[in-house]
Protein chains: 2
Amino acid sequence: MQIDALKKLFAQSGLKFTNQRYLVYKAMVEARDHPSAETVWRRVRESAPAISLDTVYRTLASLEARGLVTRVPGGSEESRFDGDASPHHHLVCLQCGGIEDFVMPGAGLADLPPEVAAWGRVRDAQVLVRGVCRRCLGL
Amino acid sequence: MQIDALKKLFAQSGLKFTNQRYLVYKAMVEARDHPSAETVWRRVRESAPAISLDTVYRTLASLEARGLVTRVPGGSEESRFDGDASPHHHLVCLQCGGIEDFVMPGAGLADLPPEVAAWGRVRDAQVLVRGVCRRCLGL
DNA sequence: GTAGATGCAAATTGTTTGCAAGAGA
DNA sequence: TCTCTTGCAAACAATTTGCATCTAC
């Protein structure tokens with residue numbers, strides 16, 4: 001993603017363009033493994049060794065509040081984040097903590113039963129599958 | 001549920017029948033609000049004032065390991081539990097933390113795409129909807 | 001009698017916050 | 001300049017663990 005486009009994106013969201021924010025967001029968009037805050041921190045530190053873990057937490061929280069990043073549900077106590085804003089579903093391995101994406105037609109926002117609309121305002125909907133992945137099964 | 005049936009259920013799961021375990025499980029089966037460990041504790045203490053919070057945590061963990069109780073994903077850091085073992089889906093209010101059930105035909109285990117079976121062993125699948133409930137919206 | 005369960009207290013872990021200094025718009 | 005960010009350290013909150021005692025089986 002172009003730097004200029006990012007500056008615009010941040011500005012639209014009311015966020016200043018800082019190097020730390022830039023690096024965290026870039027790491028999130030590039031990540032395929034739904035990293036934890038600490039994992040993001042480890043990665044970002046390679047480009048900015050002085051960045052603190054709290055900044056990563058704060059940055060992820062503000063990106064989440066703007067919908068630029070999502071918190072993946074269903075894992076352990078440790079929060080995991082997703083930089084892919086497009087709607088998709090998740091497979092969570094209860095053993096190794098690995099998280100993978102999958103797609104499933106017929107399980108989007110439009111397919112929810114009407115009672116859901118009556119419940120309130122929906123922010124996102126996803127199918128969450130929990131189990132044990134192939135590798136942890138020893139296959 | 002009959003005490004004898006419960007004793008049998010616990011025995012089948014390799015769990016001793018203790019008063020604490022009995023009360024925690026009963027509280028879970030009766031609860032409609034997907035309580036947190038601390039909420040369960042508060043309720044159970046009315047019948048057993050001496051029960052400790054760690055026992056509630058340990059009991060919920062062992063019930064979960066046997067599939068008698070589920071951890072509801074998607075809320076805050078605080079774990080919420082579900083004593084309803086039948087498959088169903090969840091609506092999570094990000095504001096008040098309230099959790100409600102809903103049903104959705106076409107979103108059961110049998111409806112998952114084949115790639116999910118290739119991923120590993122599935123323990124459970126559910127649709128998770130996050131948003132803000134009617135009451136928190138002020139309606 | 002023995003393995004598993006409980007209570008207590010202390011420890012752990014992930015995450016948040018107050019504050020002063022620093023940097024973007 | 002003025003507000004938003006950051007780093008540091010301390011605070012927090014939920015959950016787990018070690019250990020000695022107790023209890024179901």
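By convention in this document, chain letters (A, B, ...) are assigned in the order of the sequence lines, proteins followed by strands, and residues within each chain are numbered from 1. As the structure is a prediction and not an experimental result, all values here were calculated from the model.
- To the nearest angstrom, P of C:dG14 lies 18 Å from CD of B:E78.
- At whole-Å resolution of the value, CG in A:L53 and C1' in C:dT13 are 12 Å apart.
- Between A:S79 and A:R71, the side chains place a donor N or O and an acceptor N or O closer than 3.5 Å (distance only, hydrogens not considered).
- Interatomic distance, NE2 of B:H90 versus CZ of B:F102, reported as 9.5 Å (0.5 Å rounding).
- The distance from atom OH of B:Y22 to atom P of C:dA5 is 19 Å, rounded to the nearest whole Å.
- Separation of atoms OH (B:Y25) and CZ (B:F10) is listed at 7.0 Å; rounding is to 0.5 Å.
- With rounding to whole Å, A:R42 atom CZ is found 11 Å from C:dG14 atom P.
- When only modelled atom types and interatomic distance are considered, B:H88 and B:Q126 share no side-chain donor-acceptor pair under 3.5 Å.
- A donor and an acceptor atom, one from each side chain of B:H89 and B:D101, are nowhere located under 3.5 Å apart.
- Counting any heavy atom pair closer than 4.0 Å across all strands shown, B:S36 reaches no nucleic acid atom.
- Look at CZ on A:R21: it is 15 Å from C1' on D:dG7, rounded to the nearest Å.
- In terms of position along DNA chain C, the nucleotide closest to B:G14 lies nearer the 5' end than the nucleotide closest to the other residue of the pair B:D54 and B:G14.
- As a whole-Å value, the separation of A:E77 CD from C:dT15 P is 8 Å.
- The stretch residues 55-68 of chain B touches DNA chain D through B:Y57, B:R58, each having a heavy atom within less than 4.0 Å of the strand.
- In this model, the phosphate group of D:dG7 is approached by a side-chain N or O of A:Q20 to a distance below 4.0 Å at OP1 or OP2.
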Give me the distances for all protein-to-nucleotides 21-25 of chain C N/O pairs that come in under 3.5 Å?
from	atom 1	to	atom 2	distance (Å)
C:dA25	OP1	A:F17	N	3.2

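- Atom P of nucleotide D:dA14 and atom CH2 of B:W41 are separated by 12 Å, given to the nearest angstrom.
- If you take CZ on B:R21 and CZ on B:R58, they are separated by 10.5 Å, rounding to the nearest 0.5 Å.
- Here A:D82 does not pair with A:R32 in a salt bridge; the nearest charged N to carboxylate O distance is not below 4.0 Å.
- Without hydrogens or angle criteria, B:R130 side chain to A:V122 main chain gives no donor-acceptor distance under 3.5 Å.
- Nucleic acid contact for A:A11: none, since no nucleic acid atom lies under 4.0 Å from a heavy atom of the residue.
- Between B:H34 and B:D84, the side chains place no donor N or O within less than 3.5 Å of an acceptor N or O (distance only, hydrogens not considered).
- Residue B:F10 contributes atom CZ, which lies 17 Å from atom P of C:dG4 at whole-angstrom precision.
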